[in-house]
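Numbered from 1 within each chain, the chains take letters A, B, ... in sequence-line order.
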There are 2 protein chains.
Amino acid sequence: MKIHVGPVRAPELEEAVLDAGGELSTLREASALVWYGAGPERFGDFHHSGIEWVQIPSAGIEPWLAAGALGGDETLFTSAAGAYAETVAEHALALMLAGTRQLHTIARAGSWQRPEGIRTLLGATVGIIGAGGIGRSLIRLLEPFGVRVLAVNRSGRQVAGAQRTIRADDSEGIGELLGACDHVVIAAPATTSTDKLIAATELERMQPHAWLVNIARGSLVDTEALVAALAEGRIAGAALDVTDPEPLPDGHPLFGEPRALISPHSANPQHLLLPALARRVHTNVARYLAGEPLEGVVDLSAGY
Amino acid sequence: MKIHVGPVRAPELEEAVLDAGGELSTLREASALVWYGAGPERFGDFHHSGIEWVQIPSAGIEPWLAAGALGGDETLFTSAAGAYAETVAEHALALMLAGTRQLHTIARAGSWQRPEGIRTLLGATVGIIGAGGIGRSLIRLLEPFGVRVLAVNRSGRQVAGAQRTIRADDSEGIGELLGACDHVVIAAPATTSTDKLIAATELERMQPHAWLVNIARGSLVDTEALVAALAEGRIAGAALDVTDPEPLPDGHPLFGEPRALISPHSANPQHLLLPALARRVHTNVARYLAGEPLEGVVDLSAGY
């Protein structure tokens with residue numbers, strides 16, 4: 001199978017293609033395209049009728065949907081969903097522990113002051129809203145803490161390692177979860193049905209000592225409602241790797257909020273991304289050649 | 001057995017004594033003393049010839065040694081060494097992940113800036129100098145990260161979960177360890193032989209991207225040498241829960257150092273301490289009544 005990597009060259013990805021048994025080619029000759037180094041708005045200039053399969057480098061596909069790049073023909077699209085799960089889950093745990101141990105407060109203190117509100121994650125209750133690949137990785141990292149995990153997913157099918165799994169459309173169940181958790185971690189894809197999933201009502205259900213952690217997409221949280229909840233101390237804090245708007249503009253209230261810790265979409269930085277993407281390309285090229293189902297196949301009806 | 005809890009009353013500890021089958025009594029009638037709520041300088045006023053056993057509430061005994069409170073007679077002393085291992089290990093992991101993910105930098109940034117030097121703990125090499133109770137707990141928490149653990153202890157006896165265990169007096173082995181690690185965690189007791197264990201020479205052996213984490217005692221690190229190493233960027237950072245001097249005075253260079261994260265001896269805060277101390281008191285009272293060896297027996301020749 002002839003595969004083109006581009007529009008920007010990435011030796012790590014080309015190596016993965018070759019290692020998996022694929023053949024590198026020009027764009028014109030290629031029947032598969034590993035997209036790298038540009039946004040979807042340029043995709044139309046590269047796509048052609050010979051391309052059967054496109055590997056997208058990101059886990060989320062919203063920009064591709066917004067650009068109208070998907071679904072015009074029979075081309076199979078795969079995203080990198082799940083490929084960055086481990087490193088993103090590590091970032092989620094880092095944010096959870098930082099909140100638990102008030103590291104954001106002590107980092108800013110500049111003097112020897114014991115902060116209020118130090119807690120422990122050992123034996124805590126953790127809610128994972130959108131327990132897919134990242135959620136499963138996070139459950140694995142949390143295992144030695146003896147936490148109780150309450151999971152939410154679309155199907156309601158039991159998530160391994162979770163005490164209880166709640167269907168995404170069970171709003172009563174989710175309300176109970178929010179009230180029971182010490183940490184609420186958002187790891188669901190951004191879709192029309194997850195837009196502002198956490199808004200004023202949901203924040204009100206959370207406990208005053210609870211933390212909200214978002215490592216999914218900014219659109220899942222109603223920023224204005226969160227700013228209000230933090231300012232009034234209705235929850236203990238929010239650790240966000242993604243925001244709405246993103247990037248968060250200078251002077252935004254969240255930057256001045258002592259209960260907030262904002263990491264600039266750095267859960268999966270470029271230099272950690274490429275090796276993980278190369279592993280995904282390797283897997284998918286090998287599967288494609290073997291006629292097996294690919295990982296991360298885009299489901300346009302689900303929107304991810 | 002008649003046991004006195006004091007000089008300050010602690011209902012949680014009294015309950016632990018009773019639960020374990022002990023009897024609470026006045027100080028005068030007591031044959032055991034669970035010390036709580038005051039420093040060792042007041043101990044002489046409370047100790048009497050009827051006291052066979054004293055439970056010290058702290059894991060470290062330096063202030064007791066300094067106050068000359070230990071070893072004057074046949075009294076058995078037990079410290080809380082190991083009792084706080086889990087919560088301190090959690091704090092150590094929180095500091096390691098904060099450094100790895102540059103959370104100290106983003107907490108201070110106040111704007112959307114992707115920091116340099118973000119790494120992952122997944123697959124990293126972690127050195128644990130003084131792999132006792134806290135070290136064992138930390139190894140357990142690190143297990144899902146697939147890290148390589150290099151341990152140092154006094155005996156050189158293999159630590160479970162460590163790739164390699166080095167004797168504390170094997171300076172060549174420790175030098176190699178320092179050069180191999182992404183994170184060096186200090187968890188050894190403060191003794192004359194661990195004083196300034198990490199000084200200029202040791203810091204020079206560390207890699208430029210490596211982090212030093214101290215959750216033991218400030219005296220184990222040469223502060224001046226560390227300040228110089230951080231200022232020159234010879235290591236990536238230092239996360240310290242303990243310092244020398246402690247408390248670190250306002251205006252100390254470490255508070256202004258962008259590569260440093262100083263938590264004010266908050267790995268084991270009072271409200272997390274009491275439940276753990278109560279568990280230790282319960283165990284030791286039960287063992288004392290059963291004539292079994294106690295946990296945390298102070299070894300004056302070793303100094304901890």
From the list B/Leu141, B/Leu95, B/Leu261, the residue making the most non-hydrogen contacts under 4.5 Å with chain A is B/Leu141

Q.
Could you go through A/Arg101 and B/Glu90, starting from their C-alpha distance and side-chain angles, then the distance that decides it, and tell me whether this counts as side chain to side chain contact (heavy atoms under 4.5 Å, CB included)?
A. CA-CA 9 Å; A/Arg101 293 297 180 148; B/Glu90 175 182 274; 3.0 Å; yes

Salt bridge (charged side-chain N to carboxylate O under 4.0 Å, His left out) pairs touching residues 126-151 of chain A, sequence neighbours excluded, are A/Glu86-A/Arg140

Residues of residues 220-236 of chain B with a heavy atom under 4.5 Å from any heavy atom of chain A, in residue-number order, are none

So, the part of B/Ile118 with a heavy atom under 4.5 Å from chain A: the answer is both

Nearest heavy-atom approach of B/Trp112 to A/Phe255 is N-CZ, 3.4 Å

The interface call for B/Glu246 against chain A, heavy-atom contacts under 4.5 Å, is side chain

Whatever's closer than 4.5 Å to a heavy atom in chain A on B/Leu142 counts as neither

Whatever's closer than 4.5 Å to a heavy atom in chain A on B/His265 counts as both

Note: vs chain A, highest number of non-hydrogen pairs under 4.5 angstrom among B/Met96, B/Arg108, B/His104, B/Gln102 is B/Arg108

Okay, A/Leu272 and chain B: the region with an atom under 4.5 Å from a heavy atom over there is side chain

Looking only at A/Ala260, A/Pro269, A/Ser111, the option with the highest number of non-hydrogen pairs under 4.5 Å against chain B is A/Ser111

Ignoring hydrogens and angles, state whether a donor on the side chain of B/Thr87 or A/Arg119 is under 3.5 Å from an acceptor on the partner side chain. no

Applying a strict 4.5 Å limit to non-hydrogen atoms, the region of B/Thr105 in contact with chain A is neither

Greatest number of non-hydrogen atom pairs under 4.5 angstrom with chain B, of A/Asp250, A/Thr120, A/Leu93, falls to A/Thr120

In this structure, OG of B/Ser263 is separated from CD of A/Gln113 (nearest 0.5 Å) by 13.0 Å

Fill in: pair B/Ile106-A/Ile262: side-chain heavy atoms closer than 4.5 Å
no

Rounding to 0.5 Å, atoms CG (A/Leu103) and CG (B/Leu103) come to a distance of 7.5 Å

Cut-off 4.5 Å, heavy atoms of chain B, and the answer for A/Leu254 is neither

